[in-house]
Amino acid sequence: MTTRRPYPSDLSDARWELIEPVLSAWRFERRGRALDFGRPPRHDLREIMNAILYVDRTGCQWAYLPHDFPPHQSVYGYFARWAEEGIFAQLNGLLRQLLREKEERDAQPSACVIDAQSVKTSTSVPAASQGIDAGKKIAGRKRSIVTDTLGLLLAVLVTAASVQDSVAGTRLIDQVAAEHPTVRKVWVDGGYRQHLVEHAAALGIDMEITVRKPGTRGFTPIPKRWAVERTYGWLMLRRRLARDYETLTTRSEALVSLAMTDLMARRITGENTISWRDPKISTNHPMPG
């Protein structure tokens, strides 16, 4: 690997050890199908991942990657392939299991929370994949996520902002039932319709709609559902996620999985997530929350 001055977003040795087996297995399998199996790879996987994390953390355009990273065309090519082949989702699932076990929880969750967040989009996003969230008055896309009760990502779906929460929720509940059969309870807010409760019940999942108390003003944590709100706060530490810049929704979903993978790797290794306001904070202390 080329020696250079590290960036705050770079993987530490400990975090790289967590994700390296998955990426190395991917490369080995891919080279096994290629005709040039004997030719050594041109780019170091750790540097490729460092470059992708740099974009995710800083929000810069791919073409504006610093020159001490591999060429931006190569970095984006790896990101696109990993997103298409589900590598980021695979890493997210692996680290979620490790972190749950570290927190003395069962490896597989029994309960989850669903929520949605509408975000504005850039001019590079196709109009066909955008819409208007009439309730929040935002033109763009909607991120719907499922987390466990620790706030760790189970599933993500990116749609036009005009898509109703219950429509996206139906797809997510189906995914959760298929991929996490141990889940038997889910909490949602008042934006999810009664027919989704019935759909979840048919899958053996008890869905509970939690709402604010009448007359409540300002931000008030709602029991059980506060965990997913905190997850959205974690995601907003990644400037690339402050707005949706991706042409394909699958790549938007991959960036969410990537952000959670980095966050969980830091928590497993006891490293801090550096905030925008305090770039000099020590990385030797566990992340708050």
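Worth knowing before you read on, the calculation uses all heavy atoms, side chains too, and leaves out hydrogens, waters and symmetry mates. Positions are given from 1 along the sequence.
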Participant: Can Thr250 and Glu84 be counted as having a side-chain donor-acceptor contact under 3.5 angstrom?
Facilitator: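 No.
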Participant: Working to the nearest 0.5 Å, report the span between OG1 of Thr147 and CH2 of Trp234.
Facilitator: 8.5 Å
Participant: Spell out, as yes or no, whether a donor-acceptor pair under 3.5 Å connects the side chain of Ser129 to the backbone of Val125.
Facilitator: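 Checked: no pair found.
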Participant: Salt bridge check: are Asp133 and Lys137 linked by an N-O gap of less than 4.0 Å?
Facilitator: no
Participant: Can a side-chain donor-acceptor contact be found between Glu271 and Thr269 if the only test is distance below 3.5 angstrom?
Facilitator: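 Short answer, yes.
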Participant: Closer than 3.5 angstrom, by distance alone: can the side chain of Glu253 be matched with the main-chain N or O of Val158 as a donor-acceptor pair?
Facilitator: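 Looks like yes, one N/O pair under 3.5 Å.
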Participant: Do any N or O atoms from the side chain of Arg27 and from the backbone of Val22 form a donor-acceptor pair under 3.5 angstrom?
Facilitator: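 The answer is no, because no donor-acceptor pair under 3.5 Å joins these two groups.
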Participant: Under the 3.5 angstrom rule, does the side chain of Ser74 hit a backbone N or O of His43 as a donor-acceptor pair?
Facilitator: no
Participant: Give, for atom CD1 of Ile19 and atom CE of Met49, the distance between the pair rounded to the nearest 0.5 Å.
Facilitator: 4.0 Å
Participant: How long is the span from the CG atom in Leu95 to the CD atom in Gln90, to the nearest 0.5 Å?
Facilitator: 10.5 Å
Participant: Could you state whether Val119 and Leu153 fall into the same hydrophobic cluster, counting links through intermediate Ile, Leu, Val, Met, Phe, Trp or Tyr residues with side-chain heavy atoms under 4.5 angstrom apart?
Facilitator: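 No; tracing contacts between hydrophobic side chains, which count when under 4.5 Å, never links both residues.
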Participant: Quick one, Trp26 and Arg81 - any side-chain contact, counting heavy atoms below 4.5 Å?
Facilitator: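 Yes; the side chains approach each other to less than 4.5 Å.
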Participant: Okay, side chain of Lys120, backbone of Arg141: is any donor-acceptor separation there less than 3.5 Å?
Facilitator: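 Looks like no, no N/O pair under 3.5 Å.
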Participant: For Gly169 and Leu196, which heavy atoms make the closest approach, and how far apart are they?
Facilitator: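 The answer is C-CD1, 3.8 Å.
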Participant: With distance as the sole test, does Asp106 use its side chain to make a donor-acceptor pair with the main-chain N or O of Pro109 at under 3.5 Å?
Facilitator: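 Absent.
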Participant: Just wondering, are more than 12 heavy atoms of other shown residues or ligands nearer than 6.0 Å to CD in Gln130?
Facilitator: yes
Participant: With a 4.0 Å cut-off on N to O distance, would you call Arg46 and Glu17 a salt bridge?
Facilitator: no
Participant: Short question: side chain of Asp56, backbone of Arg238 - any donor-acceptor pair under 3.5 Å?
Facilitator: no
Participant: Drop me the distance from Tyr245's OH to Gln61's CD, to the nearest 0.5 angstrom.
Facilitator: 8.5 Å
Participant: In terms of hydrophobic clustering (I, L, V, M, F, W, Y; side-chain heavy atoms under 4.5 Å; direct or indirect links), are Val256 and Met236 co-clustered?
Facilitator: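 Yes, Val256 and Met236 fall within the same hydrophobic cluster.
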Participant: Ignoring hydrogens and geometry beyond distance, is a side-chain donor-acceptor pair present between Thr121 and Asp244 at under 3.5 Å?
Facilitator: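 No donor-acceptor contact under 3.5 Å links the two side chains.
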Participant: With a 3.5 Å cut-off and no angle check, do the side chains of Asp148 and His180 form a donor-acceptor pair?
Facilitator: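 No - no donor-acceptor pair under 3.5 Å links their side chains.
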Participant: Using 0.5 Å steps for rounding, measure from the CD1 atom of Ile138 to the OG atom of Ser162.
Facilitator: 13.0 Å
Participant: In Å and rounded to the nearest 0.5 Å, what is the CG to CG distance from Asp262 to Leu91?
Facilitator: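 Spacing of CG (Asp262) from CG (Leu91) equals 11.0 Å.
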Participant: For Cys60, does its backbone N or O pair with a side-chain atom of Arg240 as donor and acceptor, under 3.5 Å?
Facilitator: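 Here the side-chain-to-backbone pair exists.
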Participant: Could you tell me whether Arg100 atom CZ has more than 12 heavy atoms of other residues or ligands within 6.0 Å of it?
Facilitator: yes
Participant: Above 12 or not: heavy atoms from other molecules or residues under 6.0 Å from CZ of Arg171?
Facilitator: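 No, because the 6.0 Å sphere around CZ of Arg171 holds 12 heavy atoms or fewer from other groups.
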Participant: Tell me the closest heavy-atom pair linking Pro70 and Val75, and the distance in Å.
Facilitator: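 Residues Pro70 and Val75, closest heavy atoms: O-CG2, 3.7 Å.
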Participant: Does Glu229 come within less than 4.0 Å of Arg225, counting only side-chain N to carboxylate O?
Facilitator: yes
Participant: Taking the side chain as every heavy atom from C-beta outward, state whether Tyr7 and Pro66 have any pair of such atoms under 4.5 Å apart.
Facilitator: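 The answer is yes, as the side chains (C-beta and beyond) meet within the 4.5 Å cut-off.
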Participant: Locate the shortest heavy-atom distance separating Leu150 from Arg230; write the atom from each residue and the value.
Facilitator: O-NH2, 2.9 Å
Participant: Should we say atom NE2 of His195 is surrounded by more than 12 heavy atoms from elsewhere, each under 6.0 Å from it?
Facilitator: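 More than 12 within 6.0 Å, yes.
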Participant: Using 30° and 60° as the class limits, which term best fits the ring planes of Phe79 and Phe88: parallel, tilted or perpendicular?
Facilitator: tilted
Participant: Could you pull out the closest heavy-atom pair between Arg243 and Arg143, with the gap in Å?
Facilitator: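 Heavy atoms of Arg243 and Arg143 come nearest at O-NH2, 3.9 Å.
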Participant: Would a distance-only check, ignoring hydrogens and angles, find a side-chain to backbone donor-acceptor pair under 3.5 Å from Asp165 to Ala116?
Facilitator: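 A pair under 3.5 Å: no.
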Participant: So, do Ile52 and Val55 sit near enough that their side-chain heavy atoms are less than 4.5 Å apart?
Facilitator: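 No, side chains not in contact.
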Participant: For the side chain of Arg15 and the backbone of Asp10, is there at least one donor-acceptor N/O pair under 3.5 Å apart?
Facilitator: yes
